[in-house]
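Structure record follows, encoded as structure tokens.
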Amino acid sequence: MPELPEVETVARLIRPHLLGRTITAASVAWKRTIGAQSVAAFERAVLGARFESVERRAKYIVMNFHGGGALVCHLRMTGRIHVEPAGWDPGKFAKVRLDLDSGRAFHFIDVRKFGRLEFVRDPAQKLAELGPEPLGPEFTAAWFERALAERSRALKPLLLDQTFLAGLGNIYVDESLHRAGLHPLASSSSVDSAAAARLHAEIRAVLAEAIEREGSSFDVFYRTPEGNPGSFQHQFRVYGRGGEPCRACGTPIERSVVGQRGTHVCPKCQPRPRRRGRKARRGSQRSKG
DNA sequence: ATCCTATCCTGGCTGC
DNA sequence: TGCAGCCAGGATAGGA
């Protein structure tokens, strides 16, 4: 499903088609896609608007308009964006169409209808609750170590919490935890300094590598706006590899459910914590608080 | 504070 | 080949 690397890829690919372009017509085929706003109000708001910038924040694509206001898009699980020549057929799952003065049209397409394309006056306000960007300057190893220590939640649900750290989803959490040798159920407060630094580095590394490969496509849903699948799925170490040998040690990857999410762990590389919420006993660190 | 469950959706898969 | 039933999951709301 689209996580930070996939959303970044989409933003990069649609940006050149949108910058400086004006919306000349708008139509909405599925009302819930545009959020709480009425179709009439949405169309009124975007008609004549000119794209000034296209950014990514967490898993959101923020398309700012000249003079204020923005379209904020979340692909959720199956959302896709295409900017294609006017005659292009977006298919039966098309939800919103925005015609551009370039002769192209912006299409928001979504099989499962969970995705959103909302017009907001103040995107900063809408995105205010999000945690730091994992690839941004705020996300330092020191901040991360402290933030983990300040809570006592299982690592996986915490990393999926967008108000804690913004942009990771199920795939990249599983991959990061495996690469750092940490179990998804380990308590955040039990993570010592060295492990926090390791996890910090692996989160950044896995996201950067995935962006380089234009994200992951493991089903028919995620495609870049150019219609291509990403290729990072070939680098997965645990995600979707239940029963297959760990690439590091050969032990079969175990699949379980953590926080309602399919979860993939190498039982040897990521030993299960003996007790939740307590510091690991051996080789303990000397952290001062 | 943290955890758990239900909700939103439908294509694709499994099993009969 | 058909079909019922289950699964996937990001975000959010509400309850324990």
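Every chain is numbered from 1, with letters handed out A, B, ... down the list of sequences.
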Whether A:Q260 contacts C:dG9 is assessed here as follows: a side-chain N or O lying under 4.0 Å from the phosphate OP1 or OP2. Is that the case? no
Atom CG of A:L160 and atom C1' of C:dT12 are separated, to the nearest Å, by 14 Å
In whole angstroms, how far is the P atom of C:dG10 from the CG atom of A:D110? 14 Å
In whole angstrom, what separates A:Y60's OH from C:dG10's C1'? 9 Å
Could you state the CD-C1' distance from A:Q162 to C:dG9, rounded to the nearest angstrom? 13 Å
Which base sits across from C:dC3 as a Watson-Crick or G-U pair, both distances under 3.5 Å? B:dG15
Starting at atom CG of A:L148, determine the distance to atom P of B:dA1, rounded to an integer number of angstrom. 17 Å
C:dT12 C1' sits how many Å from A:D161 CG, rounded? 12 Å
Under 30°, 30 to 60°, or over 60°: which ring-plane class applies to A:F144 and A:F139, parallel, tilted or perpendicular? perpendicular
Going through the distances and angles, do A:S176 and A:E202 end up as a side-chain hydrogen bond (donor to acceptor under 3.5 Å, both in side chains)? CA-CA 6 Å; A:S176 301; A:E202 294 296 355; over 6 Å; no
Whether the A:T33 and A:K113 side chains hold a donor-acceptor pair (N or O, under 3.5 Å, no angle test) is what I'd like checked. no
Whole-Å distance, A:L4 CG to C:dG9 C1', equals 17 Å
Does atom CD (A:Q125) have a neighbourhood of more than 12 heavy atoms from anything else shown, all under 6.0 Å? no
Could you check if a side-chain atom of A:R56 sits within less than 4.5 angstrom of a side-chain atom of A:V62, using non-hydrogen atoms only? no
A:W143 ring center near A:H200 ring center (under 6.0 Å): no
Using nucleotides 7-10 of chain B, report all nitrogen or oxygen pairs with the protein that are shorter than 3.5 Å.
{"residue": "B:dC9", "atom": "OP1", "partner": "A:R32", "partner atom": "NE", "Å": "3.3"}
{"residue": "B:dC9", "atom": "OP1", "partner": "A:R32", "partner atom": "NH1", "Å": "3.2"}
{"residue": "B:dC9", "atom": "O4'", "partner": "A:R112", "partner atom": "O", "Å": "3.4"}
{"residue": "B:dT10", "atom": "OP1", "partner": "A:K113", "partner atom": "NZ", "Å": "2.6"}
{"residue": "B:dT10", "atom": "O2", "partner": "A:R112", "partner atom": "NE", "Å": "3.2"}

Is the shortest side-chain N to carboxylate O distance from A:R12 to A:E8 below 4.0 Å? yes
Of A:R151 and A:G259, the one whose nearest nucleotide on DNA chain B sits closer to the 5' end is A:R151
For C:dG10, does either OP1 or OP2 sit under 4.0 Å from a side-chain N or O belonging to A:H74? no
Expressed in angstrom and rounded to an integer, what is the separation of A:L159 atom CG from C:dA11 atom P? 13 Å
Using a cut-off of strictly less than 4.0 Å, decide whether A:Y239 has a side-chain nitrogen or oxygen near OP1 or OP2 of C:dG9. yes
